[in-house]
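Residue numbers begin at 1 in each chain, while the letters A, B, ... track the order of the sequences. These figures come from a predicted structure and were not determined experimentally.
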Amino acid sequence: MTGAPAVTGLGCLCAAGGSLSACLESLRAGLRQPKPSTRIITTHPVPFPVFEIPGFEHPSELLRTSALLLAACREALADAGLEKADLAGLRVGVCVGTTVGCALSNESFCEAFRKGLDPDLGPLQKVARNNPAAVLSRTLGLTGPSQTVVNACSSGTDAIGIGASWIRAGLCDLVLAGGADELSRITLDGFIALKIVDPGPCRPFDRERKGLNLGEGAALLVLESEESRRRRQAKARARVLGYGVACDAHHQTAPHPEGAGLRRAIRAALGDRTGGVAFVNAHGTGTPDNDRVEGRVIADLLPGVPFFSTKGHTGHTLGAAGAIEAAFTVANLEAGWIPASAGFATPDPEIGSQPSERVQAVTGSSALSLSLAFGGNNAALLFGQELP
Amino acid sequence: MSVWIQGMGVLGGFGCGRQALAEAMERGRVEPGSLVVPTGQGPVEIAAHRADTAPLERFLPRRALRRVDTFGRMALLGGCLAMEDAGLAIGGQAGLGLVLASGLGATGATLSLLDSIFEAGDACASPIHFANSLHNSAAAHLAPLLGADGPCITLSQGRLSIVAALHTARLWIEEGRADQVLVGCVEELSEVMGYAWLKSHGSAAVPGEGAAFFLLGKSPEGALAELASVEMGWGDAGNPVEALASEALYGQGYAAVGLDIALGLLRLRQDGLPSLRVGIQEPEGGWGRVLLRPA
């Protein structure tokens, strides 16, 4: 096993911005623009707002999810000072989270199938060819392990955690780890059916919160072994100091009321570290259950540590969320400030803690990024600048 | 670190359980069942190796399964069989890790969800079908049943999914995240997948559905075999893998790779082989292989 993997490159795009720096500007300025989708047409009586990336075009052979991932990858590789040719001599793995990107749910195909119209298999074959990890491996000509995580809303966090494990285990010199998801009518309908979508802009951790807003986007982290980083003289923007993952084993869709799995995931990510956590980038979806459980656990395990949710800026980007928030966590830790938790106005006495209300400076050597997911999955990443 | 296969749970056209697969291996062939596929020319019956989940009632009352779809039932049965094979209880398994794999996911529930939208509009999407349509729904059913509150993840990498799952589970044990991890792959031959098979293969090949679960742990005591290595990558795998010629037992398709590993384990034990390598090289570029050694 080798030391803590370095984060040497970051790339991100979502409704908050077309690049990581643009996203951070939006976060700092408190800008957010949830709107009814321009791409998804539904018959809902209420025009549920979403966080859609405007003007994103992509080749027809790619799913939007894969195209978003490739865009994030280009930015991350450039940030790491890498070109495709540089990867040829390295053991490079790919670990990517998604939900929509692996779903065989092409509407036109399924509708034609149900109508007995004998549809062509093209749409299904397109999904199969667009497995996000496979798209990256194929496009960049990589030879290392290639794996797609479909762990619902914690997929991006888990993908980064597993990618870091590959480096620690000496399996890879470099791993492209992250997540990507596009907006989908089916997913939107599903969350609305579960009655956890806010008909207005979402309000994470607020007393009046009504649910989430869906979003789309992608983020990619270049994780690198210390040996490779030194050889390239690349800067470590941060290191993956810890990863914890634990299941509630409680309910198919609801979190454990005491956050049992989340507590174990956070403790596993922190390891022996007892202090120095500058902030927590919370999952904070804006659903009553998630925010109540998560807010209580953060207050209990990390009292006084500031926390926030960025879903008021990005929407819930599902399989991409953990990766986007990991990228924000690294960038905010590096920059020494955190944003206000957009949408929050009134403390919830049931939570007993409240998120960041303004842009504020933070100090500390590490920061946590959390994800909770359908199925009772919980995942936590600890980033920091400790030397391995 | 050595990682051991301590139990195995399989189901497919051959029946369910390690013994059923061993008996099928002895016979060398299983008569396929059938699947009725709706087409524009009317229903077409194709030969298919189908998995029967009725034995799940041995582990769970029928009432507890009323909201669980076929995909979830196959996972529950495969998981319970592997736990039973390892001599472990169905429940109270604190700290147990869970890695689920599926290349196709819950395609039946996905189509049912879409049906609910097509038939009655967006506002009438079924929340139960939505929950069951997610790739990780099988793990979401299995973890509470087993009380498995250790690390849990679901992976999807086409036919390589089970290899990716074994790769992650082995790493978790090596890292000390869990002492034991239940790993399984599930692939469902739903109506829509039957249609896809018919369109792309006609009657030239027989598809199969099923599940293959393996209970991995650190202890060799009572183990079925050692999981000596798991490798995966992209490009040319280089080393060849064993051809198990197993289509006659459980058909072709995404479920076959997990069942191939299970069959390889049985062959290893029956034939007294020093080792056996099972794997797959995808035409698109992905490859994966596992090396089994006797316990």
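When the candidates B:Cys124, B:Ala143, B:Gly235, B:Gly286 are compared by the number of heavy-atom contacts under 4.5 Å with chain A, B:Ala143 comes out ahead. Between chain B and the residues A:Leu188, A:Ile186, A:Thr253, A:Ile192, the largest count of heavy-atom pairs under 4.5 Å involves A:Ile186. Top candidate by heavy-atom pairs under 4.5 Å with chain B, chosen from A:Ala379, A:Gly93, A:Gly190, A:Gly141, is A:Gly190. The candidate with the highest count of non-hydrogen atom pairs below 4.5 Å against chain B, out of A:Cys110, A:Gly375, A:Ala260, is A:Cys110. Looking only at heavy-atom pairs under 4.5 Å with chain B, the residue among A:Ala265, A:Ala103, A:Ala134 that has the most is A:Ala134. The most heavy-atom pairs under 4.5 Å with chain B, out of A:Val245, A:Leu171, A:Asn151, come from A:Asn151. Among the candidates A:Glu107, A:Arg129, A:Arg185, A:His250, the residue making the largest number of heavy-atom pairs closer than 4.5 Å to chain B is A:Arg185.
Using the six-membered ring where Trp is involved, A:Phe191 and B:Phe130 have ring planes that are perpendicular, over 60° apart on the 30 and 60° scheme. Between B:Tyr195 and A:Phe113, the two ring planes are tilted [angle within 30° to 60°].
Checking A:Gln147 against B:Thr168 by side-chain atom types alone, a donor-acceptor pair falls below 3.5 Å.
No donor-acceptor distance shorter than 3.5 angstrom exists from the side chain of A:Arg114 to the backbone of B:Phe118, with no hydrogens or angles considered. Side-chain atoms of A:Thr43 come within 3.5 Å of backbone N or O of B:Asp122 as a donor-acceptor pair. A donor-acceptor contact shorter than 3.5 Å links the side chain of A:Asn131 to the backbone of B:Ser156. Put simply, the side chain of A:Asp118 gets close to the backbone of B:Gly40: a donor and an acceptor are under 3.5 Å apart.
Looking at B:Thr107, the atoms closer than 4.5 Å to chain A (heavy atoms on both sides) all sit in the side chain, from C-beta outward. Only the side chain of B:His167 comes within contact range of chain A, with heavy atoms under 4.5 Å apart. Looking at B:Leu104, both its backbone and its side chain come within 4.5 Å of chain A, counting heavy atoms on both sides. With a threshold of 4.5 angstrom between heavy atoms, B:Glu282 does not approach chain A through any atom at all.
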Derivation and outcome, side-chain contact (heavy atoms from CB on, under 4.5 Å), residues B:Arg67 and A:Gln252: CA-CA 11 Å; B:Arg67 291 184 175 178; A:Gln252 192 182 11; 6.0 Å; no
Full working for side-chain contact (heavy atoms from CB on, under 4.5 Å) between A:Val149 and B:His135: CA-CA 10 Å; A:Val149 177; B:His135 264 79; over 6 Å; no
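In this structure, SG on A:Cys102 lies 10.0 Å from CG on B:Leu155, to the nearest 0.5 angstrom. Annotation: the span from B:Leu114 atom CG to A:Phe109 atom CZ amounts to 11.0 Å, rounded to 0.5 Å. Rounding to the nearest 0.5 Å places SG of A:Cys247 at 9.5 Å from CG of B:Asn136. One distance of note links CG of A:Asn377 with OG1 of B:Thr154; it measures 7.0 Å at 0.5 Å rounding.
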